[in-house]
Amino acid sequence: MFGIESLLVVTVVMPLAAAVLTALLGPRLLRSQSHWPTLVALAISLAASLLLVWQVGEESVQAHSARQQEPIPPTHAQPHPLGYERIITLWTWTGSPGPAPASPTGLTRSHRASDASNRHADPLGPRPLIEVALRADPLTAIMLATVTLISFLVAVYSVGYMHGDPGYWRFFSYIALFVFSMCMLVSVSNFLLLYVFWEAVGLCSYLLIGFWYQRPAAAAAGKKAFLVNRVGDFGFTLGVFLLWMTYGTLNFHDVQVGGHTQPGILGQTFLQQPEHYVGGAVGTAIALLLLAGACGKSAQWPLHVWLPDAMEGPTPVSALIHAATMVTAGVYLTARCLPLFLATPVFSDTPVGPLVVACIGGGTALLAALIALTQTDLKRILAYSTISQLGYMFLAVGTGTALGVTAGMFHLFTHAFFKALLFLAAGSVMHALGGVIDLRQFGGLRRHLPWTHTTMLFGCLALAGLFPFAGFWSKDAILVSLSQQEGLVYQVLVGLAMATAFLTAFYTFRAFFLAFYGAERIPEEAGHHVHEGPAWMTVPLVVLAAASLVVGAYFEWTHGFAHFLAQTPSLSLTGLAAEGPRAETLSHQNVAWISTGIVLAGIALAAGVYLGPRSLLEGLTRLSRALGAYQISYGKFFFDPLYQAVVVWPMWLVARLCAWLDHRGIDGAVDGIGNIPRSLGSLFRSLQIGVIPFYALAMILGLLVLLGALMIG
Amino acid sequence: MAGTMNEYALLHNYLAVGAMLFSIGLVGFFTRRNMILMFLSTEIMLQGVSLSLVGWSRFYDHFGGQMLVIFIIVVAACEAAVALALIVVLFRQTGSLDIALWQRLREANQPPWQEDQPTPIPEEPVPEWPRLARAGVRPTEPPENADFRDLL
């Protein structure tokens, strides 16, 4: 039917076209109809990406069965390719094909220094061959489908939510630009281009957080997000440099150069012989630097502080960028680069790389869940739950097994649905209440907002992870993958994950009960008539609620997700895919029972505290205040003041010092030199009196002096 | 080259007249405040210089000096056009030809050398100009030209 190449290109290019079109025509021509280019383009992208998933699935199954039926074991020179990938090279951006690698495995680590014949005329050495290459493999296809589906629904919702905003066309132009960047981010096959679009989504995030730039809080939040991300991106940059230094290429895939194969970092050559990955200190450094970038983008500790502030942006943006898609880029990066993480030195039976990923993820999950317990801003509660769930995904990817990565990606997939749903429902509440989102100011909205109430209930149940909602299946998969890991660290992490599940159920339903149950309170800003949004807003909510109910169960029962994702080359690494469960400390069913019990306990506690007698809530609050736990949680573990004191103030002081040196030192020297002629001139300035005969006299006197000097000399 | 005493005497006469012309011009330039008279003084200085150049030219029997004089005459003609136009413009600005009125072109923060006022014109009886025989109707002049003529 359609070729994979054209499907992939259409998926990626349509949002770009919509962004350009809206930016050009929006302010003058389209005005309040500015959503049409974006809607149409995203619908086409969505259709193309779904077809792409189907095509990739078909072809990968065919390739897999062909491999199974192969009677003769492959020769050493031409082994079967691992998994399924299709590379689409659009054009060459820069560089020239590098020299053929000297060693058969293609380790180009030292050829630049040792092999004189490989020296280019370029004194800087060979430039990296950067081809604008897209890749189609199961991981990319899943990410593309998730991104385009959620962004289409969010765009539909935004038509209702952003109606009448003065920056209407700007909003849709940014959204389309973001979708383009995100699609490119997940489909490029090169670390440099990955970095480019990594920054592009960060830029879109900045633009959309600060969308209402007249509000100082929004402008500050955008700046904070950008700067905190910059810290992580600096690590990512260094990681990319180190990859180029170590492997001599930045491509994911193998490139054929003049009859030789230049192996890509995540290409077949390396994947078939993973022992050739550079380990040791360099490998660890690469893994940790890439992890730093992932932590920044995915708001993991210690770079998590920007995401709650990012809620200053419009709510559809929070749903799309800061919950469902962009913040999952870090998980995508970690999953994509899993072979690099696995190449790190082994510490207590597990490579260090995944272990660090798991620890950061588990710690962040618990930390964010603890903070979310006491927040009063509905969107911020959801933001902390996003951080917490992203921590879950890191935890899963950090197991370093195929099972774990599949569980992490599955959670990413289901989380996109129910977290987008929750944010859009929160936006619906804001829309009805005239922008009020503080849980202390409203309550008991159940009767006024029936659709929002029902859909948000679905979202909360999915987030809490109750059977049979989507969150249950993916969280369950994560817990199972964790419980099958050996080692004390992972045992502790299972405990952390269980505790987080309990807290998640509690704080989710705390917010839900506070918003929709109890005494009816309507803030003044809402006006006299609290109402549901238009159909543009309710239909996406219903679609997402339905998806939150079924996607998890469907893909879990059909095993479609796991089988599909297992065909990703970098995840079908030798020794990774074939690995069975290593330790059966907890059976699958037991995990499911335990987590369900925990979730029910959390919901029951929330119901008891917030729906039950008021004395229970007051007693609990007083107890936690006396212990200081409330203040710590409410103060977000004081990360903001800490960073203010440790990072911002010293930087501010250094900046002031530099400014002082610039003004007084450097400018002073320059101005001083400039003042010398002026002060010399001021000596003679009194001669300039404006009387012409005096000037003539001075000339004559000067002439006489010269003549006299001539006569004497 | 002529080496006779006669030639020396001739040169001396030339140079003496040239030096006198130059000195007259110089003193005039220093003492006068009327821009046209100052301009005429510079012209007189130029003629003095030109005359001495001609004298040297004859003394050395060499045409370089005379060529230079022709150049001076040409340049002086151009300069006269420019200077007179400039004077007309300046006159329009102030209604006076007094150079002292342009003291404001001094460096800032300098005190005025003297008052920014034209020197009062002494009340002299207007001399009786010789009258020409009438050759038709005398053209009527606009009243603002009348006092302008009186100043001359």
Side-chain angles (χ1 to χ4, degrees), chain A residues 213-214 216 219-220 223 649 651-713, chain B residues 15 18-46 48-49 52-53 56 79 82-84 86-87 89-91 93-94 96-119:
Chain A
Y213 52 83
Q214 299 92 338
K223 200 165 64 179
W649 281 356
M651 299 274 267
W652 186 83
L653 281 178
V654 171
R656 294 303 305 170
L657 183 68
C658 290
W660 186 83
L661 279 179
D662 186 42
H663 282 305
R664 293 295 150 85
I666 295 171
D667 282 7
V670 174
D671 288 353
I673 291 171
N675 274 331
I676 290 174
R678 185 189 298 199
S679 52
L680 279 178
S682 73
L683 292 177
F684 298 100
R685 198 174 300 152
S686 57
L687 295 176
Q688 197 82 5
I689 58 174
V691 180
I692 311 290
F694 175 74
Y695 297 161
L697 185 64
M699 280 168 65
I700 292 298
L701 287 177
L703 190 65
L704 289 180
V705 168
L706 279 179
L707 282 176
L710 274 178
M711 289 171 83
I712 292 169
Chain B
L15 291 184
M20 277 191 278
L21 277 174
F22 187 83
S23 304
I24 290 167
L26 193 64
V27 171
F29 191 78
F30 283 160
T31 54
R32 290 291 180 175
R33 282 166 60 182
N34 185 314
M35 281 188 270
I36 290 177
L37 292 181
M38 289 171 78
F39 171 67
L40 289 180
S41 304
T42 57
E43 291 294 322
I44 291 171
M45 281 193 274
L46 276 178
V49 172
S52 52
L53 277 172
W56 285 112
E79 178 228 323
V82 175
L84 288 172
L86 192 61
I87 288 168
V89 172
L90 293 176
F91 176 79
Q93 299 264 324
T94 59
S96 166
L97 288 171
D98 192 347
I99 196 71
L101 288 180
W102 293 97
Q103 268 196 70
R104 75 178 96 131
L105 294 182
R106 64 182 177 267
E107 184 70 29
N109 304 324
Q110 290 294 320
W113 179 57
Q114 65 184 62
E115 282 178 10
D116 278 355
Q117 294 293 328
T119 311

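Order of the sequence lines sets the chain letters (A, B, ...), proteins ahead of strands, with each chain counted from 1. Only heavy atoms go into these numbers, but all of them, side chains included; no hydrogens, no water, no symmetry mates.
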Residues 657-666 of chain A side chain polar contacts: donor-acceptor under 3.5 Å, at least two apart:
none

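Not counting sequence neighbours, the partners of A:R685 by the salt bridge (Lys or Arg N to Asp or Glu O under 4.0 Å) test are B:E107.
Exactly one of B:R33, B:R106, B:Q103 qualifies for a side-chain contact (heavy atoms from CB on, under 4.5 Å) with A:V691. That residue is B:Q103.
Taking non-hydrogen atoms and a 4.5 Å limit, the residue list of residues 696-706 of chain A in contact with chain B, ordered by number, reads A:A696, A:L697, A:I700. Close approach to chain A, defined as a heavy atom under 4.5 Å from one of its heavy atoms, is seen in B:L26, B:F29, B:F30 of residues 21-30 of chain B, taken by number.
The neighbour count for A:Y213 OH, taken as heavy atoms of other residues, nucleotides or ligands under 6.0 Å away, does not exceed 12.
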